[in-house]
Each structure stands twice: as C-alpha cells, then as structure tokens.
Amino acid sequence: MDYLQLLEDLFAAIPRQGPGSPAVLNRALALCDLDPEQALQVADIGCGTGTSTLALARALNADITAVDFLPRFLARLELQAQEAGLDKRIQTVCGSMDALPFVDNSLDLIFSEGAIYNIGFASGVNSWRRFLKPGGLLVVSEITWCHANPPATLREYWEQAYPEVGTASSKIQVLENAGYSPIAHFLLPQAAWTEHYYAPLAEQFAPFLARHPDNDDAHSIVADNQAEIAMYNEHSADFTYGMYIARKL
Ligand code: SAM
C-alpha cells in the first residue's frame, strides 16, 4: 500500500476528514439565507466521505455533485447516500478540484470544507467562480489566524506548511479581489476540531496500526497526526478554520 492509500485507509474510517460539525454547517447555511422553495444546483468540493454532503442534501432542496480525488471516500459517501435514500440527489465525481467538470454559470452554491488549501485559497476562489451563476454563493472554510499576532514559531510553521495562512480580513480581501461580495464569516469553534474530528481520528490510530504493523509510513502518519493534534491543543486560541460566505457579483 502506498502512502496515499494508507492515508485513505486511516481517514475513510472516520466521518469527517477535517474540522467541522453539524452546528457549523447549519450556521453557514443560515447565513446564506437561501429560498427554501428554490431547487438548487450545489457542488461539494473535496467532500471526503461526505458527512457534510449528506447534511446539505437533508437541509436543501438540491441536486449535489460531490467531488473528491480519492475513490474510497466517494464509495463510502455513495453507500451512505443509498442507505439514507439520498442517492438520487447526490452524484459523485472522482476528479481533481483544479479541473472541475461543471458548466460555466451553472451552480447556485459551491460548498467546500477544509479542502481548498490543496490548490490554495486564492487559486480556488478565482478558478471556481466561473461555475457559479451570477448571485451564486460560495461557502468555503480555510485555515485562519484567530488574531493578528500569532506566536513566531507557530507563524513560521504555518508559513512553511501553507504560505497562504492569514487573518480573516486577508481572506475577505482575496474574495473581494476575485469578484465576490463577502456576506459573512465566522471562526470555527474548538469542538469542530476536538469532538467532531480529532477524537474520532485518535480512536482509529490503534486499529490502523494493527492493520499495518510493520509499515513505517503507517507509523509516521500516526506520529504526524498526533503532533498535529498536540499543536492544535497548544494553539487553539491562535488558529482555526474560518468559514467564508460570499456571493458572486
Ligand atoms: N470536506 C471533507 C470534510 O470536511 O470532512 C474533507 C476534508 S479533507 C481535509 C480534504 C479533502 O480534499 C480530502 O477528502 C481529499 O481527498 C480531498 N482532496 C485533496 N486534494 C484534492 C484535489 N486536488 N482534488 C480533489 N479532492 C482533493
């Protein structure tokens, strides 16, 4: 099993592959102020195993296309959609978020949680904009400083790992420059990381290592994720995900 397949094996076992929660999703949707009567065309980009895709399908009168490049995540979403009777309204696409298959001006809502960093926030919001109808909404979460003065060591770490890390105001500037009208943003609460993401992830470390006992990559994946959890616990007041809601002009 190669490194990516190992990651897929660990993360397919948990409901979310990044921070978020039902409360976060509901808050974001409330800020969108959508017309409940309107039938919507929605994309969930970097959907993972699709816990939020399923929640979107339950909350909205929508046809949803869920995009991810890892087939095992999409297989789990497809199974759950079938079990929930939502499969007629959820279509999956196995592909890359930098080569999306949508028609220009065709989507009412683009949702993307914890995923846009893979192509960079600025690149993502610029390149996805054309798929939205005029007036369509972008709902996207992105790593964000909670305040303007994060500790120097943490700043160095994140600037190395993800050079676009910034404050909420810098993300809003990017949205404005890309031709969106920012409607709202909020910072994800701690529970979206700890209770809804890291706790289920940490429960999977032992069974994952039991499946791959002599695999060095598996051990280093667990060590990396344990280090990430420790860093988050130490610095939860300094960084989080921001959720950004913006309308295409
Ligand atoms: N949205 C899900 C959630 O919040 O639980 C998953 C978030 S996870 C941190 C990021 C997701 O983006 C993963 O499912 C990963 O497979 C997907 N991904 C990474 N790079 C991608 C790319 N270039 N194209 C499509 N999906 C990608």
Side-chain angles (χ1 to χ4, degrees), residues 2-29 42-59 64-81 90-102 109-128 131 138-144 158 161-162 164-165 187-189 191-204 221 224-225 228-229 231-232 239-244:
D2 68 22
Y3 195 83
L4 198 57
Q5 287 169 325
L6 283 167
L7 281 175
E8 211 176 3
D9 184 48
L10 173 61
F11 284 93
I14 55 176
R16 314 189 45 88
Q17 290 70 44
S21 70
V24 166
L25 182 75
N26 291 339
R27 187 171 172 191
L29 287 181
V42 175
D44 181 356
I45 301 180
C47 61
T49 57
T51 290
S52 287
T53 319
L54 295 163
L56 287 168
R58 289 193 184 95
I64 305 178
T65 304
V67 182
D68 205 284
F69 72 171
L70 293 182
R72 213 168 142 183
F73 289 176
L74 294 176
R76 180 169 162 159
L77 168 57
E78 284 160 15
L79 186 65
Q80 286 183 295
I90 295 176
Q91 185 196 350
T92 62
V93 171
C94 191
S96 183
M97 62 175 76
D98 59 7
L100 293 170
F102 302 110
L109 172 66
I110 292 178
F111 179 87
S112 183
E113 203 170 31
I116 199 169
Y117 71 89
N118 287 293
I119 55 169
F121 187 76
S123 165
V125 303
N126 276 283
S127 64
W128 298 349
F131 303 121
L138 176 69
V139 177
V140 61
S141 73
E142 162 78 339
I143 275 288
T144 299
W158 270 112
Y162 183 56
E164 284 187 57
V165 64
L187 299 182
L188 267 62
W193 293 79
T194 53
E195 179 186 338
H196 293 276
Y197 175 44
Y198 284 149
L201 176 61
E203 270 179 29
Q204 290 302 319
I221 285 171
D224 288 350
N225 279 279
E228 184 192 306
I229 293 171
M231 184 182 69
Y232 174 75
F239 72 93
T240 182
Y241 269 88
M243 182 67 85
Y244 299 88

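Residue indices begin at 1 and follow the sequence shown. Both counts, for ligands and for their atoms, begin at 1 and track the order of listing.
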Out of curiosity, is [X] lining ligand 1, as in a heavy atom under 4.0 Å away?
X	result
Gly95	yes
Asp68	yes
Gly20	no
Ser96	yes
Leu70	yes

If you have a sec, work out which protein heavy atom is nearest [atom] and how many Å separate them, to one decimal?
atom	answer
atom 6 (C) of ligand 1	Gly46 O, 3.3 Å
atom 26 (N) of ligand 1	Phe69 N, 3.4 Å
atom 4 (O) of ligand 1	Arg16 NH2, 3.1 Å
atom 24 (N) of ligand 1	Met97 N, 2.9 Å
atom 10 (C) of ligand 1	Gly114 O, 3.6 Å
atom 7 (C) of ligand 1	Glu113 O, 3.5 Å
atom 19 (C) of ligand 1	Asn118 ND2, 3.1 Å
atom 5 (O) of ligand 1	Gln17 N, 2.9 Å

Of the non-hydrogen atoms in [X] and [Y], which two are nearest, and what is the gap between them?
X	Y	result
Leu25	Ser52	CD2-O, 4.2 Å
Tyr197	Glu228	CE2-OE2, 4.3 Å
Thr194	Pro200	O-CD, 4.3 Å
Ile45	Met97	CG2-CB, 3.5 Å
His196	Gly20	CB-O, 3.1 Å

### Task
Quick one: look at Cys47 and ligand 1, take heavy-atom pairs under 4.0 Å, and tell me if it's side chain, backbone, both or neither.
backbone

### Query
Applying a 4.0 Å heavy-atom criterion (strictly less than), which segment of Phe73 is in contact with ligand 1: side chain, backbone, both, or neither?
side chain

### Query
Is the Phe102 to Trp128 ring centre distance short of 6.0 Å?
no

### Query
Taking it one step at a time, do Glu113 and Ser141 satisfy side chain to side chain donor-acceptor pair (under 3.5 Å)?
CA-CA 5 Å; Glu113 203 170 31; Ser141 73; 5.5 Å; no

### Query
Is the closest side-chain donor-acceptor distance between Glu195 and Ser21 under 3.5 Å?
no

### Query
By number and element, which atoms of ligand 1 are closer than 4.0 Å to a non-hydrogen atom of Gly18?
5 (O)

### Passing option when Thr49 is tested against Gln17, Arg72, Gln80 for side chain to side chain donor-acceptor pair (under 3.5 Å)
Gln17

#### Entry: side chain to side chain donor-acceptor pair (under 3.5 Å) partner of Thr53, chosen from Thr92, Asp68, Asp44
Asp44

